[in-house]
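Here's the structure we're looking at; comments come further down.
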Amino acid sequence: MDKHESIIVTALKMFSEKGYFSTSVQEIVSSCGISKGSFYNYFASKEDLLIEVFRYNHQQILKRAKNVHFDQSLSLKGQLTKIISLELEGIADNREFFLLLQKVVPVQENKKLLPLMKKTKAAMIRLHKDWLLEVYGDKIRPHIWDHVLFLQGAMKEYITLIKENNTTAEPDVFAQGIISKIDILVEHGSQLNPILTDDLMREYEQIAEHPGNKTKEEEREEQLTAAKARIEYLFSETEDKKQDYLDAVELLAEEWKKQEPRFFLIHALLAFLREHPELKPHADHMEKVL
């Protein structure tokens, strides 16, 4: 491992064992054998390190899944069971890290974490969808998203189960149980109407298909930043209208982050920005993203 990866791996271990707030940057760098100054050559802050730890852990999950795919000693269903088991094992080993992540870094307020988590979620949805189709075939395609939902919901509850009971469950046993339940759903659930449709899942499909593209959240932040810069360029410090436009952009940013944004307010603020011809393109783009 290079120094960058060494810091990430050490941080993941310490965050999981001691917690985020109880782990200092000094402890991490001391364990890695580097100076605190060197740390800031790789990461702007401890929070940025946390985000990179999340990204790294996800990449390791995908690598393990690819390695399982090359194991020809297992059937397709055996490979899927092994992948689920490895994912569950990773969750169990680092459960404290996953539990604290959203508490430490509020997702809706973090410009880096929100799109990263969305892309991660899309990649995992795509991974599970592809594997389920490979194992069970096209017959499950009309219900594929429901099966993905069941699989990921069961795995998500796994971390809650072992946390609440303060115990260590058996990932292999749990994975086999999940697959047994999916077998029943596939065999007896075809006559039911699907809950999730392609339309509902289209955004995640597009993100998984083109991971390099910006998410809607990234596009939103880009346009908000561009609008602010344009306002600074257009108006002098003494013009009253300047502050009105800046306040409108700031209010837009705050409202958009809410779990239940007031869309009538967002539309009104965008209409206000459109009053200036130089700001209209930014408002129009934000409307499309909205």
Side-chain angles (χ1 to χ4, degrees), residues 54 57-95 98-99 101-102 107 117-165 167-211 215:
F54 177 81
N57 191 73
H58 169 63
Q59 290 171 343
Q60 295 307 303
I61 291 173
L62 295 180
K63 284 182 180 178
R64 287 194 290 270
K66 287 182 180 179
N67 290 335
V68 171
H69 192 52
F70 293 130
D71 187 351
Q72 299 302 313
S73 66
L74 297 173
S75 65
L76 283 176
K77 189 175 290 187
Q79 290 176 12
L80 176 57
T81 305
K82 184 64 176 177
I83 287 172
I84 295 172
S85 177
L86 288 172
E87 287 186 54
L88 293 174
E89 187 177 345
I91 292 173
D93 290 343
N94 303 301
R95 61 184 180 274
F98 287 107
L99 287 169
L101 185 63
Q102 294 193 14
V107 176
M117 291 191 76
K118 200 164 190 177
K119 289 180 179 181
T120 300
K121 183 176 181 179
M124 296 311 296
I125 286 173
R126 180 64 173 268
L127 172 70
H128 294 145
K129 174 197 171 188
D130 290 348
W131 267 102
L132 287 171
L133 285 171
E134 189 163 3
V135 171
Y136 294 101
D138 281 343
K139 65 181 179 182
I140 69 164
R141 191 171 291 277
H143 294 81
I144 184 59
W145 298 121
D146 290 354
H147 296 319
V148 171
L149 177 70
F150 170 80
L151 171 58
Q152 297 194 165
M155 294 174 68
K156 184 178 180 180
E157 286 305 312
Y158 175 85
I159 189 173
T160 304
L161 175 70
I162 60 176
K163 174 63 179 176
E164 289 179 349
N165 291 280
T167 185
T168 302
E170 294 293 334
D172 287 339
V173 175
F174 205 89
Q176 290 167 10
I178 290 175
I179 291 298
S180 296
K181 301 300 186 297
I182 293 178
D183 286 343
I184 295 171
L185 287 174
V186 169
E187 185 176 353
H188 301 288
S190 59
Q191 71 275 16
L192 301 174
N193 292 325
I195 300 171
L196 295 178
T197 64
D198 288 339
D199 285 342
L200 286 173
M201 302 301 293
R202 182 167 289 114
E203 182 184 0
Y204 286 104
E205 278 276 81
Q206 291 173 346
I207 292 173
E209 190 72 31
H210 306 286
T215 64

With side chain to side chain contact (heavy atoms under 4.5 Å, CB included) as the criterion, how do Glu87 and Leu151 come out once you've worked through the C-alpha distance, each side chain's angles and the decisive distance to 0.1 Å? CA-CA 12 Å; Glu87 287 186 54; Leu151 171 58; over 6 Å; no

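- Without hydrogens or angle criteria, His143 side chain to Leu192 main chain gives a donor-acceptor distance under 3.5 Å.
- Between Glu205 and Lys129 the shortest side-chain heavy-atom distance falls below 4.5 Å.
- Between the CD1 atom in Ile179 and the CD1 atom in Ile84 there is a gap of 3.5 Å [rounded to 0.5 Å].
- Once rounded to the nearest 0.5 Å, the distance linking CD1 of Ile207 with CZ of Arg126 reads 12.0 Å.
- Here the closest non-hydrogen pair linking Asp146 and Ile195 is OD2-N, 2.8 Å.
- More than 12 non-hydrogen atoms from other residues, nucleotides or ligands lie less than 6.0 angstrom from NZ of Lys118.
- With rounding to the nearest 0.5 angstrom, the CG atom of Leu149 is 8.0 Å from the CE atom of Met201.
- Leu88 approaches Ala175 most closely through the heavy-atom pair CD1-N, 4.1 Å.
- Test Leu196, Thr197, Leu200 against Trp145 for side-chain contact (heavy atoms from CB on, under 4.5 Å) and you get one pass: Leu196.
- Between His58 atom NE2 and Thr120 atom OG1 the span is 4.5 Å, to the nearest 0.5 Å.
- Crowding of Asp71 atom CG: a count of heavy atoms from other residues, nucleotides or ligands under 6.0 Å exceeding 12.
- The minimum heavy-atom distance linking Pro194 with Pro142 is given by the pair CG-O, 3.2 Å.
- Heavy-atom minimum distance, Tyr204 versus Ala122: O-CB, 3.5 Å.
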Between Arg64 and Glu89, is the side chain to side chain contact (heavy atoms under 4.5 Å, CB included) condition met? List the steps. CA-CA 12 Å; Arg64 287 194 290 270; Glu89 187 177 345; over 6 Å; no

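- The distance from atom OG of Ser190 to atom CG of Leu185, rounded to the nearest 0.5 Å, is 11.0 Å.
- A distance of 6.0 Å separates CE of Met124 from CE of Met155, quoted to the nearest 0.5 Å.
- Using a 4.5 Å heavy-atom threshold, the side chains of Leu74 and Lys82 count as touching.
- Side chains of Ile140 and Leu133 form a contact here, defined as non-hydrogen atoms less than 4.5 Å apart.
- Taking 4.5 Å as the limit, some side-chain heavy atom of Lys139 sits within range of a side-chain heavy atom of Val186.
- Listed for the Gln176 side chain is no donor-acceptor partner under 3.5 Å among the backbone atoms of Thr81.
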